[in-house]
Structures are given as structure tokens and as C-alpha cells.
There are 2 protein chains.
Amino acid sequence: MKKREQRPLLDELDRRIVGLLAADPELTNKALARRLGLAESTCAYRVRALRERGVVEGTTLRLDLAALGHPLQALIKVRLERHNAEHVNRLYASLVKTPGVIQVFHVAGADDFYLHVAVADAEALRDFVLLHVTVHRVVRQTETHLIFERREGVGVLPAPDPATD
Amino acid sequence: MKKREQRPLLDELDRRIVGLLAADPELTNKALARRLGLAESTCAYRVRALRERGVVEGTTLRLDLAALGHPLQALIKVRLERHNAEHVNRLYASLVKTPGVIQVFHVAGADDFYLHVAVADAEALRDFVLLHVTVHRVVRQTETHLIFERREGVGVLPAPDPATD
DNA sequence: CTTGAAATTGAAGCAGG
DNA sequence: CCTGCTTCAATTTCAAG
């Protein structure tokens with residue numbers, strides 16, 4: 001089956017918009033337009049189009065997990081017993097809905113999932129694994145790695161040139 | 001010695017604000033105020049306070065990495081040769097600035113880092129590992145896991161009750 | 001800590017190039 | 001696909017409870 005691209009590419013202007021918004025998602029449309037030398041209406045039009053095309057999917061609130069009572073983060077590797085779609089999907093759906101789960105990676109290879117979780121303390125971490133992960137009979141084994149720190153990378157976009165005003 | 005907390009806790013109102021904003025970071029202050037039954041100025045005041053206290057750290061733009069030309073994601077486990085602070089910190093700083101890196105986890109145990117990266121194709125992935133990871137002499141070995149899919153979890157907050165209007 | 005009303009600023013809609 | 005103009009909506013500020 002041929003992969004159908006709804007739009008071949010982003011043009012240069014789109015890239016600049018995405019770059020600037022990625023660097024500061026809270027930029028007002030007005031400020032963005034000015035930096036790009038566009039009319040505000042044009043800028044708003046392009047941004048809306050980027051959202052409609054799904055290039056910009058939305059925004060996420062970055063929270064201080066420690067301040068919210070979950071200072072302990074961990075990466076939990078989950079290996080399954082069986083790998084049929086039914087089991088995998090049910091577990092997947094269950095995990096993403098479990099409180100404390102920040103993100104779930106479904107990966108290729110012998111290990112099936114990596115869970116990024118945030119919990120209150122060591123006891124909560126133990127309970128998380130026992131009550132929400134290994135409780136699923138399809139889970140063969142888990143391996144928990146304490147996270148010292150997590151940093152965001154630069155992502156896939158080149159840094160936009162700094163504003164001149 | 002008594003542990004000094006900079007602020008004891010979030011009150012109930014703070015929690016509701018954070019919950020609603022986490023569910024939809026693009027809520028206008030006006031809509032947020034209305035849902036909470038607050039005056040707009042009060043609501044804006046509380047939100048600003050949450051940001052100043054660092055509870056709300058900011059927002060992140062969610063992008064379609066595939067649409068940006070990086071459809072392939074991977075989780076790369078990095079194990080170091082030596083673990084002194086100097087080496088670890090230099091590598092850490094280098095990794096987060098490498099194009100294609102979405103996030104870096106610094107973890108406890110024998111494996112030191114997990115890199116979440118997004119690249120254009122298999123060749124770019126190989127080049128990434130060779131040119132940006134194993135090029136550092138302190139890196140002993142890496143293990144690359146292809147990511148089938150990544151989902152966001154519910155996080156640490158209970159789902160706010162749906163709007164009634 | 002909260003409020004309403006005033007003043008400022010930003011967003012959206014639209015007809016035309 | 002881009003623009004300026006108009007109209008409308010949201011945010012900020014502030015003196016006061």
C-alpha cells in the first residue's frame with residue numbers, strides 16, 4: 001500500500017514558524033508575525049493551517065512533578081510473556097491510563113515497553129510495579145531504573161535565529 | 001533540624017487550576033475563571049503565582065516529528081566506561097544539544113543514559129550513534145531500540161471533572 | 001486573597017489584491 | 001496565498017473590600 005502524503009513538505013516559512021513556536025510556544029501571534037515580517041492575519045492563517053495539517057499537534061503543560069508530590073521518577077522496562085496483538089494492546093491501553101505514568105514507549109525487541117513514571121516515594125514505586133504492572137499476567141519481568149534527572153533535548157529543528165528587536 | 005518548605009502545599013484551588021490547565025493548556029484565562037467560579041483577575045493572579053513558584057514550568061509544543069522529516073524514533077541506552085562527574089556532565093551537556101535528541105534520561109545503575117531520539121531513517125540513526133554518541137571516548141557501549149510508538153500517560157494528576165457548561 | 005471596572009492589547013472575520 | 005481594516009474578545013492593571 002502506497003503511503004499517501006497529504007502535503008509534500010513544509011515551505012521555508014512554515015519551518016520558521018514551527019521553529020519560533022517550538023522555542024517559545026507562548027509567543028503571541030502578533031509577536032510572531034512581527035518577527036517574520038508578516039501581516040498578523042497571514043501569520044494566523046499559516047499557524048492555523050499547520051495545526052489543521054497536524055504538523056503542530058498541540059501544547060503540553062510542563063509541570064514540576066516534585067512540587068505536585070511526585071519527586072521520584074523511574075524508567076521501567078517491561079518484558080512480556082507472549083506478544084500477540086490482543087495482549088499487547090490491552091496492556092498498552094491500561095498502562096497509559098495508570099496514574100503516575102508520564103509516557104510509554106512501545107519498542108521493538110525482547111523488551112516491549114519502557115514506562116516513564118513519577119511517584120511520591122520508593123514505596124509508591126514498589127506499589128506501582130506490583131499493583132499496576134506485574135499484576136498483568138502477560139508481564140514476564142520488569143526492571144526499574146531510578147531517574148536522577150531528565151532533560152529535554154533540542155529536538156529536530158535547527159535553532160531559529162534570535163530576534164533582532 | 002526542621003525541613004524548610006518554601007511553600008507547604010498547593011491548596012485545593014491551585015490543584016484544580018493545574019488539573020484543568022494540564023488537560024487543556026490552551027484554555028483562556030477567561031474560560032478557566034468561569035469554570036472555577038472565580039473572577040478573571042483572581043484566576044490570572046493564581047496562575048501567575050503558580051508560574052512564579054515554578055509549579056507550572058511552561059508549555060511545550062507537541063509536533064508531528066514524522067511531518068518534520070524525522071519519522072523514525074529510537075531509545076538508545078548508553079553505558080559509560082568511567083563515571084566521574086566531569087565525564088558524565090560533559091557527555092550529558094553534549095547529548096542534550098545534539099540535533100534529533102528529544103529527551104535524555106540520566107539513570108542510576110550500570111546504564112547511564114537513555115536517549116530518546118527522532119531521525120529521518122535507518123541510516124541517520126546509524127550516523128547518530130556513530131557520530132554523536134560512540135564518538136565520545138567515555139562511552140563503552142550502546143544499545144538501540146526502535147520505537148514503534150510513544151504515548152503520553154495521564155500523568156500525576158487526577159482527571160478534573162468535566163465542564164458543566 | 002479576592003474583586004469589578006477601566007484601559008490596553010491581542011485575535012478573528014472579511015472583502016479585495 | 002497574502003494583506004489592511006474593522007470588530008470583537010481576552011488580558012492586565014489597579015484601587016479597594
Side-chain angles (χ1 to χ4, degrees), chain A residues 5-64 67-69 160-165, chain B residues 4-64 67-69 157 160-165:
Chain A
E5 298 186 356
Q6 51 182 43
R7 285 297 182 87
L9 272 179
L10 306 178
D11 65 15
E12 192 47 36
L13 186 52
D14 287 331
R15 291 197 174 274
R16 290 209 288 156
I17 291 173
V18 170
L20 286 167
L21 281 182
D24 180 7
E26 302 185 14
L27 260 186
T28 63
N29 178 67
K30 186 185 186 109
L32 183 58
R34 203 158 50 77
R35 287 209 195 171
L36 294 168
L38 290 176
E40 292 172 28
S41 47
T42 307
C43 189
Y45 171 83
R46 301 289 292 232
V47 171
R48 190 170 347 110
L50 284 167
R51 284 177 177 267
E52 278 166 6
R53 279 195 279 167
V55 177
V56 172
E57 297 174 346
T59 58
T60 306
L61 202 66
R62 209 145 17 83
L63 296 171
D64 181 344
L68 265 48
D161 35 32
T164 51
D165 46 357
Chain B
R4 177 134 143 53
E5 299 183 359
Q6 55 179 42
R7 283 296 181 91
L9 271 181
L10 306 179
D11 65 17
E12 193 47 36
L13 186 53
D14 287 330
R15 290 197 176 276
R16 289 208 288 157
I17 291 173
V18 171
L20 286 166
L21 281 181
D24 179 6
E26 302 186 13
L27 260 186
T28 63
N29 178 67
K30 187 185 185 106
L32 183 58
R34 203 158 48 78
R35 287 210 194 168
L36 295 168
L38 290 177
E40 292 170 28
S41 48
T42 307
C43 188
Y45 172 83
R46 301 289 290 229
V47 171
R48 191 172 346 112
L50 284 166
R51 284 177 176 266
E52 278 166 5
R53 279 195 279 167
V55 177
V56 172
E57 297 174 345
T59 59
T60 306
L61 202 65
R62 211 146 13 86
L63 295 171
D64 181 345
L68 264 52
L157 298 163
D161 34 32
T164 51
D165 46 357

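Sequence lines set the chain letters: A, B, ... in the order given, protein chains first and strands last, and positions in each chain run from 1.
- The nearest whole Å value for the distance from the CG atom in A:Leu27 to the P atom in C:dT9 is 17 Å.
- Between A:Asp64 and B:Val56, the closest side-chain pair of non-hydrogen atoms is not below 4.5 Å.
- Rounded to whole Å, the distance from CD on B:Glu12 to P on C:dC1 is 16 Å.
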Does the protein touch nucleotides 2-7 of chain D at the base, only the backbone, or not at all? Give it as B, S and - per nucleotide, heavy atoms under 4.0 Å.
SBB---
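- In this structure, A:Glu26 atom CD and D:dA10 atom C1' are separated by 15 Å, rounded to whole Å.
- In this structure, the side chains of B:Leu50 and B:Leu10 come closer than 4.5 Å at one or more pairs of heavy atoms.
- Residue A:Leu13 holds its CG atom at 4.0 Å from CZ of A:Arg46, rounded to the nearest 0.5 Å.
- A 4.5 Å side-chain heavy-atom check between B:Thr59 and A:Arg62 finds every atom pair outside the cut-off.
- The nearest whole Å value for the distance from the CD atom in A:Glu52 to the C1' atom in C:dA12 is 14 Å.
- A salt bridge is defined here as a Lys NZ or Arg NE, NH1 or NH2 lying under 4.0 Å from an Asp or Glu carboxylate O, and A:Arg16 with A:Asp11 fails to meet this definition.
- What separates NZ of A:Lys30 from P of C:dT8 is a distance of 14 Å, to the nearest Å.
- A donor-acceptor distance shorter than 3.5 angstrom exists from the side chain of A:Asn29 to the backbone of A:Glu40, with no hydrogens or angles considered.
- Protein atom CG of A:Asn29 is 14 Å distant from nucleotide atom C1' of D:dA9, rounded to whole Å.
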